Amino acid sequence: MKQILTHIENHIGIITLNNDEKRNALTFQLLNELIEALSLFETLQVRAVILRAKKGSKVWSAGLFIDELPNSGEDPLPFNHPLEEAMRAIQRFPAPVIVMAEGSIWGGACDLATVCDIIIGTSNTSFAITPARLGVAYNSSGILHVVSVFGIHIAKEMFYTALPLSAERALNIGALNHLVPAEEIEGFTFKLAKRIAENSPLSVSVAKEQINIISEAIPLATATHEHINELRNRAFKSMDYEEGKRAFYEKRKPEFRGH
Ligand code: LCV
């Protein structure tokens, strides 16, 4: 079964997450289908993309599919992970990707939403980044995404507590572009996408690429990269990492021991 549904109307490409029974968890299959959809949309020169869950969803996406997390000792978010590939595909996509964010957004899906261009939510939208719940050490690019969208203090609180950030707080800090009533979000999102699609696609595309380049320009010494890798190795080789996954399946609170 396809885990995303796609269609195009008036130069707007719509991608609907279609894995409700697993709360739209980001499986390798779903992520690869997302990458394929963006490639097709680029060929068809769509001028805006809407990335959404089904109307009225309580969960936009539950984040990475925990069954597909590697065993202890392996990096859970390597450079070539389908989530990383999907995020780079979104950043490279030559038109704005708009998140129609109905429902809670968890973990890797929160990271994915931060690399999109515009996020529109309702009062039941929330954002949680959850590595601390699973004993995972998130990767640097993901941390940078969250810090750049939510700000360093809110990002720290999100990483430390793994608690959802409400739509109101996200709107106050500019992480959410618009917070609209649930019954209006579909019309509002399509109207914004239509407005973008009526503008010069070249000008919009160049603006997107320039903003992405300028906002990511942070020089890091090689030794700093190596230090970060050593830190992350310590976490994903830990017993805590295994405990996080086990606790999820046993539907209990994890008991982390710090090693
Ligand atoms: C596999 C799932 C999932 C799921 N994977 O429905 O950012 S990091 O570092 O953490 C990164 C590694 C990452 O993204 O990890 C995943 C982080 N995600 C989470 O911690 C959220 C885990 N999910 C939940 O807390 C709940 O499912 C929410 C609150 C999203 C929805 O709760 P609700 O009561 O509506 P269920 O929990 O009953 O889930 C329905 C089915 O989806 C599966 C879950 O195991 C259940 O399957 P069964 O019906 O077979 O029991 N499911 C949900 N999330 N991320 N499977």
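In this chain, residues are counted from 1 in sequence order. All ligand and atom numbering here is 1-based and tracks the order in the structure. Every value quoted in this text rests on a predicted model; they were computed, and no experiment measured them.
For K54, the salt bridge (charged side-chain N to carboxylate O under 4.0 Å, His left out) test picks out D20, with sequence neighbours left out.
Within the 3.5 Å criterion, the main-chain N or O of R257 finds a donor-acceptor partner in the side chain of D240. For S61 (side chain) and N24 (main-chain N/O), a donor-acceptor pair under 3.5 Å exists by modelled atom type. In terms of modelled atom types and a separation under 3.5 Å, the side chain of N18 and the main chain of K2 share a donor-acceptor contact. Looking only at distances, no side-chain donor or acceptor of W106 sits under 3.5 Å from a matching main-chain atom of V59. No donor-acceptor pair closer than 3.5 Å links the side chain of R232 to the backbone N or O of D75. Judged by distance alone, with hydrogens and angles left aside, the side-chain atoms of E243 form a donor-acceptor pair with the main-chain N or O of E255 at under 3.5 Å. With hydrogens and angles disregarded, a donor-acceptor distance shorter than 3.5 Å links the side chain of T27 to the backbone of L30.
When non-hydrogen atoms are compared, ligand 1 lies under 4.0 Å from the backbone of I66 as well as from its side chain.
With respect to atom 17 (C) of ligand 1, the closest heavy atom belonging to the protein is T130 OG1, 3.1 Å. In this structure, atom 48 (P) of ligand 1 lies nearest to the protein heavy atom K22 NZ, 3.8 Å. Residue, atom and distance of the protein heavy atom nearest to atom 44 (C) of ligand 1 are F248 CZ, 4.4 Å. Ranking the protein heavy atoms by distance from atom 15 (O) of ligand 1 puts L134 CD1, 3.3 Å first. Closest protein heavy atom to atom 18 (N) of ligand 1: A62 O, 2.8 Å. Closest to atom 29 (C) of ligand 1, if we only count protein heavy atoms, is W106 CZ2, 3.7 Å. In terms of protein heavy-atom proximity, atom 51 (O) of ligand 1 is nearest to K251 NZ, 3.9 Å. The protein heavy-atom contact nearest to atom 35 (O) of ligand 1 is R23 NE, 2.9 Å.
Closest heavy-atom contact between Y138 and P131: CD1-CG, 3.8 Å. In plain terms, the two heavy atoms of A167 and T122 that are nearest each other are CB-O, 3.3 Å.
Of all the listed residues (L64, L26, L69), L64 holds the heavy atom that lies closest to atom 13 (C) of ligand 1. The heavy atom nearest to atom 1 (C) of ligand 1, considering only F236, Y241, F65, is found in F65. Counting heavy atoms only, R133 comes closest to atom 24 (C) of ligand 1 of the residues K58, R133, K245, H81.
The closest approach between E21 and ligand 1 falls below 4.0 Å for a heavy atom of the residue.
Remark: atom 46 (C) of ligand 1 lies closer than 4.0 Å to no protein heavy atom. Using a 4.0 Å threshold on non-hydrogen atoms, atom 26 (C) of ligand 1 does not count as touching the protein. Proximity of atom 37 (O) of ligand 1 to the protein is not indicated, since no non-hydrogen protein atom lies closer than 4.0 angstrom. Counting protein heavy atoms under 4.0 angstrom from atom 5 (N) of ligand 1 gives one or more.
For the pair L17 and Q3, the minimum side-chain heavy-atom distance is 4.5 Å or more.
If you look at F150 and F127, their ring centroids are closer than 6.0 Å.
With ligand atoms numbered from 1 in the order given, ligand 1 contributes 7 (O), 14 (O) to contacts under 4.0 Å with heavy atoms of G107. For ligand 1, the atoms lying closer than 4.0 Å to a non-hydrogen atom of G108 are 7 (O), 13 (C), 14 (O). Here is the list of ligand 1 atoms found below 4.0 Å of a heavy atom in D67: 1 (C). Near V136, with a cut-off below 4.0 Å to any heavy atom, the atoms of ligand 1 are 9 (O). When each atom of ligand 1 is checked for a heavy atom of G63 under 4.0 Å away, the hits are 14 (O).
Because its NZ or CZ atom is both nearer than 6.0 Å to the ring centre of Y241 and within 45° of the ring axis, K245 counts as a cation-pi partner of that residue. Cation-pi geometry between R88 and F79 is satisfied (NZ or CZ under 6.0 Å from the ring centre, within 45° of the ring normal).
In terms of polar-atom proximity, defined here as any N/O pair under 3.5 Å, Y138 makes no such contact with ligand 1.
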